[in-house]
Every structure is written in structure tokens, then in C-alpha cells.
Number of protein chains: 2
Amino acid sequence: MTGAARPGTAKAVAELAGVSVTTVSRVLSGQASAIPQETQDRVFAAARQLRYRPNSLARALRKGTTQSIGLIVPDISDAYFHQVARGVEDVAQAAGCVVILTNTDRVPAREEACVNLLLDKRVDGIVFAGGGIDDDTHLDGFDWSSTRVVTIGPHQLPFPSITVDDSAAISDAVHHLAEISCRRILCLAGQPNWLVTQRRLAGYRQAVAELGLDTDPDLVVYGDFTESAGEELTAKALAAGSFDGVIAFNDYAAIGAMHALASAGVRVPDDVAVIGCDDIPVARMVHPALTSVSFSQYEFGRNAAEMILGSVPLPAGQRITFPHELLRRHSTARR
Amino acid sequence: MTGAARPGTAKAVAELAGVSVTTVSRVLSGQASAIPQETQDRVFAAARQLRYRPNSLARALRKGTTQSIGLIVPDISDAYFHQVARGVEDVAQAAGCVVILTNTDRVPAREEACVNLLLDKRVDGIVFAGGGIDDDTHLDGFDWSSTRVVTIGPHQLPFPSITVDDSAAISDAVHHLAEISCRRILCLAGQPNWLVTQRRLAGYRQAVAELGLDTDPDLVVYGDFTESAGEELTAKALAAGSFDGVIAFNDYAAIGAMHALASAGVRVPDDVAVIGCDDIPVARMVHPALTSVSFSQYEFGRNAAEMILGSVPLPAGQRITFPHELLRRHSTARR
DNA sequence: TTGTACGCGTTATCAT
DNA sequence: ATGATAACGCGTACAA
């Protein structure tokens, strides 16, 4: 007497088809070179009838791969990361893999929690999107040996990374402002401990020095990458002194700056020209349309996922630098 | 001679601590009421030393729950879904669960592929975000018996759903346009087979009828929920006839409409007033700021995740209707 | 050509 | 207070 196997398992299919689980496994995973068509048909029929779905957990346990990628972003609500997520997911889905999404809000403790969650889930790889901070100690002590990791943006972690030349990107923007006669350029930076702030600030300082612009340290202010931070910092700067250009290290801050300027009756670009960074889709929707440094976040995501799913070993510390381009729009269009 | 257990397993910890795997499991999962502190300490020490991380796959296989939620969205690049995703992920992360993100691009075959991927991964629940289409046959034949499902937006699936009153939302918008003397209102609908289009169109038609506005069928046009679709449809409508108001079924289409109007030299709101729907963050960043029907996508996501993770059984077919609110901004501000 | 049996790493049941 | 052992469902080396 055949014991009734639990429904939806390979064993149940085997019983129905009158074969062994081995045969079921072989037929259903395409290794059926030596199995007659008639047997295969019986197995397929039984599988369909029982709506058999191989248990990916059991398979993962056995094979040591989960067909999944972890994605760590500061905040999926931030437009910068949509395209990254799309890129990762498009590549993953095409490969039959799945993407696990986690948000850190740039809080180290949450980032650590995300990593724990993902390592628990035994993801095949992790993509860190969004730059790191200068104190990475919360990421020490993890065992990365069986997880492929790729970082996007500046990081100190010993993994291959995908970046742009942050310093040159901002330097280019400052040069453009200088070309349209800006001399005192307000710099809306991110937080001081963000690596992306440090890289971009280097570009700002270098360009300001080369061009002989005003090096007043009060022109550099720090805040989050949000519209409200940009607005407040700019309002404060307006109250404290004067400037004729703004370079913001991300577009949200730039848009906030334009609000503050509009509220104060300052004309953009005539009185103050404004440039953002990242070129998120809103940049061209706001008024005036925002000049911004553009690069393809979607390609960042695609490349990161391909590196993780690819068979080539990941060279630790390798850096792939994508090109950037300054898109000139109305916010710097002085005739 | 003790066989060397594979590193990073409970067995390895057990050997190092000089206890059995049973004890390790008990101590590490908090069921150690009857185990002396000294033994527990040995186990904890061994676990830390070996950086032991319980294998969630093995645990899931054994316990029948994966601590994961699948999220199906048309496109994570669409701002509507960021907040949904954040809401789901915030609740999930707080519960130690993980969110698997999948994009469908509103293509039935991809949606089907997403469901397959998620059911393969044995997610505890699935959140369908974004309305369904009137022909749901590609979702027939799935075995949902061991997966909790919640839909967001109009769907025909027999699962609990979270929605707004789409018909009333659009009706309210049309009433507002009528109040500021619009008589011929262009309706930028989604695709005809989208349920959300059908619901919102019902609201448009009902309001137009009650208010005695122009019922010219040419005033209803269909397109994707994109800026470019809104722009093209509006340009065509401008060429074909006249109108003094626009109701778009989503904000991207409304923003596209405003571009087309601006290009044609038509003033907003004086010549044509424009209203969008969803109130995504860009709505208040564009110029003129866009009047839109607002509701909390973040709360949609939170509630959906809570229903999935909650212990209460999900009542099939139950519908939770969230409130909506018309936010009046400059695009309808006629003095 | 097909089947038996073991192991993946965990938790739960039953002993002791 | 602790341990041996049997599942969970699959893949595969080894047998037949």
C-alpha cells in the first residue's frame, strides 16, 4: 500500500505517474536525455494535474544558490534609486531571479539590519546603492565569503564598485557657472560624513580654486538630500550674504533652493543660476527647468546585477566609472 | 573522533560548545527556559565565535513560513508606487520580514511570470499594487491556498482589497472644474481595459451628466499613464477642437497636458484649468503647481503589509476604502 | 532506463 | 536539563 505523499511535492507526482522521485526530478529539470518520451509525458501530466511547483527552498538548500539578489538603498522613495531598482530587477527577472528590496534611510543601524536580513535569506549577491559614509565600522565583522557584493557610488568596502567621477562632475558644473559669470557659488552639500559629499566637495573646491572664484567658506553648507533642506539652507544663505550661483549635490536640494529664491523674489537664472546633480526626471519638469549633471542610474543597476549574476569572479576593489554629462537647461540660461 | 561539521552550521556550534544541536537550537531561538545559564553562555560564545547565522532556508522548509512578502507593481519608476513600496517595506522590516519586488509593466505575461517567481519563492503573501485589467484570465489556475493576497486598487481577484472611491474622486475633480466655469472638459483616461480607467470614467461621466456639461464623446481619450501620452493626447485634442478644462486620471498625464498647453500658448489656468490624480510629489513642484486628487499611497502599502503579516484571517473580497481629498493648487486657481 | 538512499540545516517530538 | 532522531522537499551519487 502506497502511503499518500503530501500534495504538491515531487513524491506525490511520482506516485501519480508511477515512477520514482528521481525520475520526476530528472524530467522536470531537463536532464531527461535517457528517459523515453512516454515516461516523460506521464510525469508532465501528473505534475500539471497536481499543479506541482518545485519547492525553491528545498532546492536552494540543496544547491547552495537562492536565485535572489539583495538591494540596499537609502530610500526607494528617492527618484535616484528607482532607476537603479528597475535596472537590477530587469536583469534579475530575465534570469529568473528575484530582488529583495531594503531601505536604510542612511541610518547605520538600519543598514546593518538590512545586511543581516539579506544574509539570513542567503541571497546570492548584494547591491549597495547610494554612497557610504566615512565610518563604515557597522559593516565590519560580516562574513561576506559566500555573497557577491557590488557597490554603487563611493564606498570604502573592499568590493567592486560602479561610480561616476563625482569630483569631475561637480567641477564641470562649477566651470559652467563660471562661464556665465558667477563668482560666488553657494554649495549645497550633503552631510559631511557622506563619502559622496567629500568627493563632490573636492571637485567644487578644486574648480573654485582653479577659476579664481570666491573661496568664502560660508558658501559651503551641509544638509540632507531633500527639497526642504535645500530650501532652508538657501534661505539662510540669502539672509547671511550674497551669491550669484548655486551648485547642489543633488536635484532635490536644487529644487528646494529654487523655491527659496523664488520666495525671496530672486530671479533664476538672471540673479542666481542653479545647477543640480543626478538629473532625476523632475529636473526637467520644474520651472525653470533645472540644469543638472546626468548619468544613467538604470545602467548602474543593470551592470551591478549583471556582475552579480555573471559567472566571472568579481575583482575586489575594481572600479567601473561611468560617464557623466552636464545637461544645460533654463536654470543656467543667461543670454 | 568527532567529525568536523561544516562551518557556520548549528552542528558546528554544537560541537564547539560541547552540546547537541537541539540545545543550540533551543538556546538561540529563545526556548531555553530550562537550560542553565552556563550552558547558554557556552552556546552563545560558540555561535559568536563561528559567526553562526541560522539558515533561514532550512528553517523555512521546516516551519512552512519564509518571512517574506512579494510586491507586484507595474513599474517601480512610477512615483505612485514608491510610497506603496516604502509602506510595505517599513512594516515588513519592522517584523523581520523581507520584501521581494517585481515589475510587470502592465504586461499580463510579465505579471504571470512575477506571480510564478513569487510562488516559487514561497512568499507568505503577495501585494498586488496598481489596478488590474478587465481580463484577468492570465491569473486563473494559480493555487493561492497557501499564500495571503491583498490587492491595492481595483481588481477582480477574490482577495481583500484596498482602494479609494475612484469614481467619487474623479467626480469631485469634475465638480471643481465646473465651479470655475469649465464646460468642455477633456478627459485623459488610461487604457480602456484597465479597471481603474473604467471606475474613474464612470465618475467623470456621472459628474458631467449631473452638471449638464458637454458630453461630447471626443472629449474622452485613452492613453498610458505617462507624461508623453498626456502631451500627445492633449496636442491632438487641441488640434481637433476646443476645451476649457482637463481631468487626467494620473499626474504624469496631467503634467504632459500642461506641457502641450504651454507649447501651444494656452494659459493654465486661465484658458484651460488642469487637474491630475494621485498627488505624487512632483504635482506641487511643477509650474503651475498641479491641482490633484490626493490619497496616501504609503498607507495603502502599510495596511496591505499589515494585513498579510497580521494573524487575523483575510476575508476574501473585503474592501477597505481610504479617503481622498482634492488639493487645489495653481493649475485651477482662477480668481 | 530507473530506483534507493543520503544529505542540505533546521525544528519538533519523544525519550532519558 | 539534554539528546537522538525524524521530518521538511529536493538533487544526486551510486546501484541495479
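Quick note on labels: first sequence line is chain A, next is B, and so on, each numbered from 1. Note that the structure is predicted; figures quoted are calculated from it, not measured.
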Peer 1: Over how many whole Å does the gap from B:K63 atom NZ to D:dG9 atom P extend?
Peer 2: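 In whole Å, D:dG9 P and B:K63 NZ are 16 Å from each other.
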Peer 1: Tell me the interatomic distance from A:L57, atom CG, to D:dA7, atom P, rounded to whole angstroms.
Peer 2: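 From A:L57 CG to D:dA7 P: 20 Å.
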Peer 1: Take atom CZ of A:R6 and atom P of D:dC10, then tell me their distance rounded to the nearest Å.
Peer 2: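 So the CZ-P distance, A:R6 to D:dC10, works out to 11 Å.
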Peer 1: Of all the choices, C:dT1, C:dT10, C:dG9, which nucleotide is nearest to the side chain of A:P36 once you look at every atom?
Peer 2: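 Within the option list, the nearest is C:dT1.
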Peer 1: Does B:R59 reach a base, just sugar-phosphate, or nothing at all? Heavy atoms under 4.0 Å.
Peer 2: sugar-phosphate
Peer 1: With a 3.5 Å cut-off and no angle check, do the side chains of A:D90 and A:Y298 form a donor-acceptor pair?
Peer 2: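 Checked: A:D90/A:Y298 side chains pair up, N/O donor to acceptor below 3.5 Å.
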Peer 1: Rounded to whole angstroms, how far apart are CD on B:Q40 and C1' on D:dT2?
Peer 2: 13 Å
Peer 1: Taking the minimum atom-to-atom distance to the side chain of A:L61, which one of D:dC10, C:dG9, C:dT10 wins?
Peer 2: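 Closest nucleotide to the A:L61 side chain: C:dG9.
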Peer 1: Using a strict heavy-atom distance below 4.0 Å, which residues from residues 17-26 of chain A are in contact with DNA chain D?
Peer 2: A:T22, A:S25, A:R26
Peer 1: Calculate the interatomic distance between A:N55 atom CG and C:dG9 atom P; express it in whole Å.
Peer 2: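 Distance, rounded to whole Å: 16 Å.
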Peer 1: May I ask you to check whether A:F300 and A:F295 place their ring centres under 6.0 Å from each other?
Peer 2: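 Between A:F300 and A:F295, which both carry aromatic rings, the centre distance is below 6.0 Å.
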Peer 1: Output the rounded distance in Å from NZ (A:K11) to P (D:dG9).
Peer 2: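 Answer to the nearest Å: 10 Å.
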Peer 1: Decide yes or no on salt bridge (Lys or Arg N to Asp or Glu O under 4.0 Å) for A:K11 and A:E15, but give the supporting numbers first.
Peer 2: CA-CA 6 Å; A:K11 193 170 176 189; A:E15 285 180 10; 5.2 Å; no
Peer 1: Is the distance from OP1 or OP2 of D:dT2 to the nearest side-chain N or O of B:T39 less than 4.0 Å?
Peer 2: yes
Peer 1: Give the angle between the helix axes at the two ends of the helix from C:dT1-D:dA16 to C:dT16-D:dA1, taking five base pairs at each end and rounding to 10°.
Peer 2: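 Inter-axis angle at the ends, rounded: 50°.
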Peer 1: Is there, by distance only and without an angle test, a donor paired with an acceptor across the side chain of B:R62 and the base of D:dA7 below 3.5 Å?
Peer 2: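 For B:R62, whose side chain was compared with the base of D:dA7, there is a donor-acceptor pair (under 3.5 Å).
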Peer 1: I need the single residue from A:L101, A:V127, A:T104 that forms a side chain to side chain contact (heavy atoms under 4.5 Å, CB included) with A:V73. Which is it?
Peer 2: A:L101
Peer 1: Contact class for A:Q31 vs. all strands (heavy atom < 4.0 Å): base, sugar-phosphate, or nothing?
Peer 2: sugar-phosphate
Peer 1: Are the side chain of B:Q40 and the backbone of B:A32 linked by a donor-acceptor contact shorter than 3.5 Å?
Peer 2: yes
